[in-house]
Number of protein chains: 2
Amino acid sequence: MYSIGEFSKLSGFTIKTLRFYHEKQLLEPSAVDPATGYRYYDNANIERARIIRQLRKMEFSLSDIRDILDKYDDQAEMLDYLEGHKKTIQAKIIQYQNVKKTIDNLIKNEKEAIMTMKDSGFEVEEKQVDPILVAGVRMKGKYSDCSVGFQKLGRAFGRYIKGKPLCLYYDAEYREEDADFEPCMPIKQHVEKEGFSVRQLTGGKCVCLLHKGPYDQLGRSYARILEYVKQKGLKMNCPTREVYIKGPGIILKGNPKKYLTEIQMFISD
Amino acid sequence: MYSIGEFSKLSGFTIKTLRFYHEKQLLEPSAVDPATGYRYYDNANIERARIIRQLRKMEFSLSDIRDILDKYDDQAEMLDYLEGHKKTIQAKIIQYQNVKKTIDNLIKNEKEAIMTMKDSGFEVEEKQVDPILVAGVRMKGKYSDCSVGFQKLGRAFGRYIKGKPLCLYYDAEYREEDADFEPCMPIKQHVEKEGFSVRQLTGGKCVCLLHKGPYDQLGRSYARILEYVKQKGLKMNCPTREVYIKGPGIILKGNPKKYLTEIQMFISD
DNA sequence: GATACAGCCTCCATCAAGGGGAGGGTCAAG
DNA sequence: CTTGACCCTCCCCTTGATGGAGGCTGTATC
């Protein structure tokens, strides 16, 4: 016969937990002093406690454990229970793996944005851009309708998306209304969908500039880039691209002052 | 302005949850009618609700979410939070994977025992046994002390164990006291440990019989097997092996009537 | 015998993240 | 004006414990 304190050390459960299990009729002391209410445990309780520990480690609920202890005396009879429980556990694993994937993506995106900003002196530079497979929706209207296009792309290509969103501008100059542009999302593999253009964008040499700040101030950066092009006597090709390195995030909309956009203008000498 | 019912549909939270979030000051309606207590939400609430949904999907706690919404307006500032949370999630994944592994093992063991029993007609038969790598503790004493040996093996070789426990009996006849035997555990790789003999057991031809029932009735099966050996004029070699296909389980001690033990006696003509 | 202190008791409250339901007030349409 | 849908607050329930208040009990020591 052990007092609750002794039994606590033997079983590895706290005193509180033992009282709780008693209340739940999961692990009942072999004797309770009717005068004092003191609980006393014996060796049979130790065995039962051991079983409960094992099952708790496997994340069985207390009611499941009571069920098991009541119904079964052989592990073979538990097979169904185990199979069912395994499915539950498996589902949780998958769920958490998805959460982890999401978080990893967020972290990766932010880190990339930070790196891009560090590497850039926010000066106009010439660089080589690789070809890229994208899905796009060509639109006419106001620039701000862009986001509608990205929403459509997100819904349609969700899991194929891999990379930063970008937008092609087909007008040779700035247009307030009735602009001709095409929001695009880089995708992992070729998938055709009604209403979207899926194709490989050609790479090539371009003049580019990283713009930091809200979209309505892109004009200043465009001015700088155009000046550079004029000075060097380069010839620009349509469409212009904007790559949204960091914009309104998936979670927080963020501070527009911190948005990062790369303007890419393809050139030929 | 939306009523709580409309906003519930817009945001995807139940009415109960919205009221709960209001109470927790996580998502407060833009207006509350002081006379009726009716809650009214606006578009800014929709955006905040969207953020909360995203973060809840990632299993952030409500207090974390409130923290994030209060402190940060840019995802980049959340990086530490995300990294910390990722670790938590990762830990859960590992934990659940371990649980799953344990359950898988239990299921596998029970299924194997069931298969073995189905395949066997509980008749004496001759078969070829493969060599096997084991860790063993040689002991002298009562058979029932066997379990002590297995406990030692379990503690010492825990994660290297792979297979059913077995025991070697070095006495030529049955001994109540002072028997000479060696509990063994099959292991995956050679690991030396003080006090244990780690070696490859040789395989070979043996006469064997599956015994179903408690260990104290093994005598009957031994009698059957010895009769067979005598009849066929075979020569037995020491030590005899008992393989515990199904004994007291890891969780439930089980019903001794269902225990399965294979007796293996190695023979040479 | 008194006292100190450890150990035990019951009862109540708390956590997270809501869900269920009772009992009662409110809104809009017919 | 009524009806039915909608909304309100308040309280209890879930799971698996944990923490604390206030009060007994048991044993050792002085």
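The structure presented is a predicted model; accordingly, all values stated were derived computationally and were not measured. Note: hydrogens, waters and symmetry copies are ignored here, and every other heavy atom, side chains too, is used. Reminder, nothing fancy here: chain letters follow the sequence lines and each chain counts from 1.
- A salt bridge links B/Glu110 with B/Lys246: the closest approach of a Lys/Arg side-chain nitrogen to an acidic carboxylate oxygen falls below 4.0 angstrom.
- Among the protein residues, A/Ser63 comes within range of no part of the nucleic acid, since none of its heavy atoms lies under 4.0 Å from any strand.
- Summarising the geometry, atom NZ belonging to A/Lys71 is positioned 5.0 Å from atom OH belonging to A/Tyr81; distances are rounded to the nearest 0.5 Å.
- Counting 5' to 3', DNA chain C first comes under 4.0 angstrom of a heavy atom of chain B and last does so at the ends given by C/dA17 to C/dC27.
- Comparing the helix axis at one end of the helix from C/dG1-D/dC30 to C/dG30-D/dC1 with that at the other, each defined from 5 consecutive pairs, gives an inter-axis angle of 30° (nearest 10°).
- Of the two residues near DNA chain C, B/Leu62 and B/Lys16, the one whose nearest nucleotide lies more 5' is B/Leu62.
- Looking only at distances, no side-chain donor or acceptor of B/Asn45 sits under 3.5 Å from a matching main-chain atom of B/Arg48.
- The closest donor-acceptor contact from the side chain of B/Ser30 to the backbone of B/Tyr40 lies under 3.5 Å.
- If you check residues 21-37 of chain A against DNA chain C, the residues with a heavy atom closer than 4.0 Å are A/Thr36, A/Gly37, listed by number.
- Under 4.0 Å is where a charged nitrogen must lie from a carboxylate oxygen, and between A/Asp145 and A/Lys140 no such pair does.
- OP1 or OP2 of D/dA17 has not a single side-chain nitrogen or oxygen of A/Thr14 nearer than 4.0 Å.
- When heavy atoms are screened at a 4.0 angstrom cut-off, B/Arg19 is found touching base atoms of the nucleic acid.
- A salt bridge is absent between A/Glu28 and A/Arg39; no separation between the charged side-chain nitrogens and carboxylate oxygens falls under 4.0 Å.
- Ring geometry, A/Phe157 versus A/Phe196: the interplanar angle exceeds 60°, so the pair is classed perpendicular (tilted spans 30 to 60°).
- Between B/Tyr244 and B/Phe150, the ring planes are perpendicular. Angles over 60° get that label, and only those under 30° would be called parallel.
- Ion pairing of A/Lys212 with A/Glu262 is absent here, as no side-chain N (NZ or NE/NH1/NH2) approaches a carboxylate O to less than 4.0 Å.
- Taking the ring centre of A/Phe13 as origin, the terminal cationic atom of A/Arg53 falls inside the region bounded by 6.0 Å and 45° from the ring axis.
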